Amino acid sequence: APSQSTEQLDMGVDWLSKFGYLPPPDPVTGQLQTKEALTKAIKAMQKFGGLKETGVLDQATLGLMKTPRCSLPDVSEVEATAARRKR
Amino acid sequence: SPVPQNKWKKRHLSWRVRTFPKDSALLGRDTVRALMYYALKVWSDIAPLNFHEVAGSDADIQIDFTKADHNDGYPFDGPGGTVAHAFFPGERFTAGDTHFDDDEAWTFRSPDSHGMDLFAVAVHEFGHAIGLVHTSAIESIMRPYYQGPVGDPLKYDLPYEDKVRVWQLYGVRDSVSHTHQPGNPSQTAEPPVLLDLPENRSTVLLARDAPDRCTSHFDAVAQIRGEAFFFKGKYFWRLTREKHLVSLRPAQIHRFWRGLPNNLDSVDAVYERPGDHKIVFFKGLKYWVFKDNIVEEGYPRPISDFGLPSEGVDAAFVWLHNDKTYFFKDNHYWRYDDHLRRMDLGYPKDSTLWKGLPPQLDDAMRWSDGSSYFFKGKEYWRVPGSDMEVEAGYPRLIAKDWLLCTEMQSDSPDTEPKSTETRVNVHHHPDHAENGYEVCSCTS
């Protein structure tokens, strides 16, 4: 597996949550993200960004995460909720 | 599961820039407002929306430059990262509000590496402000990632992807063809030249500070495309190749030479570059390069690019004799090779080598008679051909020989042509008048 530093992983999770790819962590239950959800979120982000869908936080993905961008999420709350309900 | 559409119920939306960038050395307030105006216009050009700027605090779209946490749930994060956001239409009082991160280096008409193009980001954010969400489409301005400058705000055309999405929200504006897709020849004429912001018009019409051509010392003089341009303050006069004054009234530099900073109150020297025929403006330690009358991206730049001293330049002209560019400052002159883009060795030299010329020139230019002309105060000197000596009989009066003034004559901006101007016939063409501007031509 490609080596990812803890900082990179934390940054990636924060970024994915911030822009709607992962549900925000629950401050009450301290909900953790599953590896499967994280992989799916990364793939969704990669697809949206026009990258190869590897599901891995590779350099291209991390690079895109560092690209200046709009603050608004790519996946709206309504879309995310609907997708979760469907699952 | 369809996403509910957020859109404005009304079609007339007010806007206001409430706070401006703190470090606005490059982007003055008028420029910021102009960029917002054009970024909104991008959307209202194709959809039945109308935006108008207001002064009060009740604007539908409040625009702010802010930083860090500013209490809206979307804190900014310093340079890079998140750069702006806008609130979707809806019932919230913040609906439509648009925030730009004041920690970013906001730019306009600058290379990508110099910062964040404010117009490009504003078009994207106003897309949100009218209800569009992010898309992954490569061609869309609504991609979430900053993709660099998008070119001239006056010529920007939305990608078809975005047009379709805004038409789905608001319908098509009358006179817009929604069937026009990329690759099809446009069925409509080129968009008209956009007017300046309404608030700028009064200054144009009044022109109280317009100088008197008959008594002025000129800041700069240049031969451009074979015509003569005399610059003074924020204005210039233009003479045809036949030395006919195009108008007795000066034109505003900013209304013709697009892209100079609004706060630029004069220029030091101007010349048309040999080879590519681009036009170079000097002011202080900076210079701008124009392609035709539009400034190139990446300017201003320091005059040290030319190898010039840090005091600026008095005069610049291209000598017909050798196609080299000569710069004058105080008592010195430099010879520059515009084809090789480097200063020739052995310079500066003492300007007294040009016999008969005064020091500290206002400017110089070549003319189609093969001579070079040097200007200072109210006088000018002619140096014929490849000579380096002023012709006998000079200096002469600029106003009399170039600007169609008789001796002792003066005309204020508001003065109609007088009977003393016996050499000038002024023909008014009311059918050419637009927006209250008077258009006339002069023949002698």
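Remember, predicted model here, so these are calculated numbers, not experimental data. Chain A is the first sequence line, chain B the second, and so forth, proteins listed ahead of strands; every chain is numbered from 1.
- Only the side chain of B:Asp77 comes within contact range of chain A, with at least one heavy atom under 4.5 Å from a heavy atom of that chain.
- Scanning for ring-ring contact (aromatic ring centres under 6.0 Å, His included) contacts around B:Phe119 gives B:Tyr156, with sequence neighbours left out.
- Contacts of B:Met116 with chain A are made by side-chain atoms alone, with heavy-atom separations under 4.5 Å and no backbone atom involved.
- Cation-pi geometry between A:Arg69 and B:Tyr145 is met: the NZ or CZ atom falls under 6.0 Å from the ring centre, inside 45° of the normal.
- Of the possible polar contacts, one joining the B:Arg143 side chain to the A:Gly49 backbone as a donor-acceptor pair under 3.5 Å is found.
- The line from OG1 of B:Thr82 to CZ of A:Phe19 is 6.0 Å long, rounded to the nearest 0.5 Å.
- If you measure heavy-atom distances from B:Ala86 to chain A, the contacts under 4.5 Å come from the backbone alone.
- Nearest approach of A:Pro68 to B:Gly80, heavy atoms of both residues: CG-CA, 4.4 Å.
- Neither the backbone nor the side chain of B:Phe87 has a heavy atom closer than 4.5 Å to any heavy atom of chain A.
- For a residue to count as touching a neighbouring chain, one of its non-hydrogen atoms must lie under 4.5 Å from one of that chain's; by this rule B:Glu125 touches chain A with the side chain only.
- In this structure a side-chain-to-backbone donor-acceptor pair under 3.5 Å is present from B:His134 to A:Pro73.
- Of all non-hydrogen atoms in B:His128 and A:Cys70, the two that sit nearest each other are NE2-SG, 3.4 Å.
- Applying the 6.0 Å contact sphere to CD of A:Glu53 captures more than 12 heavy atoms from other residues, nucleotides or ligands.
- Taking all atoms of both residues into account, the shortest heavy-atom contact from A:Ser71 to B:Phe76 is OG-CE2, 3.7 Å.
- With chain A as the partner, the residue from B:Asp101, B:Val121, B:Ile138, B:Thr135 showing the most heavy-atom pairs under 4.5 Å is B:Thr135.
- Remark: B:Met142 CE to A:Leu72 CG distance equals 8.0 Å, nearest 0.5 Å.
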